[in-house]
Amino acid sequence: MSAATTAALREMRWWDIEPVLELEHALFPDDAWSPGMFWSELAHARGPGATRHYVVAEEPATGRIVGYAGLAALGDLSDVQTIAVSREAWGTGLGSELLTDLLKAATAFECATVLLEVRVDNTRAQKLYERFGFEPIGFRRGYYQPGNIDALVMRLTLHEHVADNAPETGTE
């Protein structure tokens, strides 16, 4: 996948679980999600009481899944559950596209705050989140198992994010 190629985002469905799991195991071999975890998340992603939003990114030519992301919402708080991009799609902007989609979903869920956990050794992801305005607020010791890797907890306040990125009104 070249930097000029963009993937198409669409809603994740149950038939995407198997290819998503392949990517999940390739990227996170030590702490990959189980099929049941994805099934449980997707069970809450449709209908009037939906509290989840999951998308996949497909290569236009092949239909191969090269990324995925998910968000959980509860009240005015949302949490990035997962976000992943295949290694061959790194540097193409796909991570930004996926995160943008999740933030739009958080806004649609009327959430004021978005939280996430990221491995302390995943500086690539941390830099992405910082570009979007996420700020570190703490650590979760031993969060990623079985490797006992700490998580950095980050937060984005959506109304501040929207205000900071609003176009100028030209009233000066």
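For the numbers below, each heavy atom of this structure counts, side chains included, while hydrogens, waters and symmetry mates do not.
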Where do T100 and F132 land on the side chain to side chain contact (heavy atoms under 4.5 Å, CB included) test, with the steps shown first? CA-CA 9 Å; T100 297; F132 275 77; 3.3 Å; yes

Quick one: does [X]'s side chain get under 4.5 Å of [Y]'s, heavy atoms only?
X    : Y    : answer
R124 : L128 : no
I149 : Y143 : no
D79  : L71  : no
F38  : D16  : no

Calculate, to the nearest 0.5 Å, the distance between atoms [atom1] and [atom2] belonging to [X] and [Y] respectively.
X    : Y    : atom1 : atom2 : result
Y129 : N122 : OH    : CG    : 7.0 Å
H44  : L74  : NE2   : CG    : 11.5 Å
E135 : T157 : CD    : OG1   : 7.5 Å

Cationic tip of R141 within the cone over F139's six-membered ring, i.e. under 6.0 Å and within 45° of the normal?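 R141 over F139 ring: yes.
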
I'd like to check the side-chain contact (heavy atoms from CB on, under 4.5 Å) partners of I137; sequence neighbours left out, ordered by chain and number.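 Testing I137 for side-chain contact (heavy atoms from CB on, under 4.5 Å), a comparison that skips the adjacent residues, returns L115, V153, R155.
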
Do V80 and L77 belong together in a cluster built from hydrophobic side chains that touch within less than 4.5 Å?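 No, no single cluster joins them.
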
Given the rule that I, L, V, M, F, W and Y join up when any side-chain heavy atoms are under 4.5 Å apart, are L9 and L103 in one cluster?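 Both belong to a single hydrophobic cluster.
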
Please check if the side chain of [X] supplies one atom and the backbone of [Y] the other of a donor-acceptor pair under 3.5 Å.
X    : Y    : value
D76  : C111 : no
E110 : T107 : no
S40  : G36  : no
T113 : L156 : no

If you count every heavy atom of other residues, nucleotides or ligands that lies below 6.0 Å from [X] atom [atom1], does the total exceed 12?
X   : atom1 : result
E18 : CD    : no
W90 : CH2   : yes
E11 : CD    : yes

Can you give the donor-acceptor pairs under 3.5 Å from side chains of residues 49-57 to other protein atoms, not counting sequence neighbours?
from	atom 1	to	atom 2	distance (Å)
R52	NE	E41	OE1	2.8
R52	NE	E41	OE2	3.3
H53	NE2	D101	OD2	2.5
Y54	OH	E41	OE1	2.7

When you check the side-chain N and O atoms of T123 and Q126, is any donor under 3.5 Å from an acceptor?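 Distance-only check fails for T123 and Q126.
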
Ionic contact status for E58 with R64, cut-off 4.0 Å: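 Judged by the 4.0 Å cut-off on N to carboxylate O distance, R64 and E58 do not form a salt bridge.
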
Please report the shortest heavy-atom distance between [X] and [Y], naming the atom on each side.
X    : Y    : answer
S96  : R131 : OG-NH2, 3.7 Å
L158 : A106 : CD1-CB, 3.8 Å
A125 : V118 : CB-CG2, 3.7 Å
L27  : A84  : CD1-CB, 3.7 Å

Report the C-alpha separation of V114 and F134 in whole Å, then their side-chain angles, then the decisive distance to 0.1 Å, and conclude whether the side chain to side chain contact (heavy atoms under 4.5 Å, CB included) test is met. CA-CA 8 Å; V114 181; F134 281 85; 3.8 Å; yes

Under the salt bridge (charged side-chain N to carboxylate O under 4.0 Å, His left out) rule, what pairs show up with a residue in residues 22-40, not counting sequence neighbours?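 As it turns out, the salt bridge (charged side-chain N to carboxylate O under 4.0 Å, His left out) pairs with a partner in residues 22-40, which skip direct neighbours, are D31-R119.
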
Report the residue from L23, I65, L94, T92 that forms a side chain to side chain contact (heavy atoms under 4.5 Å, CB included) with S86.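 Option passing the side chain to side chain contact (heavy atoms under 4.5 Å, CB included) with S86: L23.
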
Worked verdict on R46 versus R13 for side chain to side chain contact (heavy atoms under 4.5 Å, CB included): CA-CA 10 Å; R46 301 195 98 202; R13 300 301 304 272; 3.0 Å; yes

One pair to check against side chain to side chain contact (heavy atoms under 4.5 Å, CB included): S34 and W39. What are the steps and the verdict? CA-CA 9 Å; S34 68; W39 278 103; over 6 Å; no

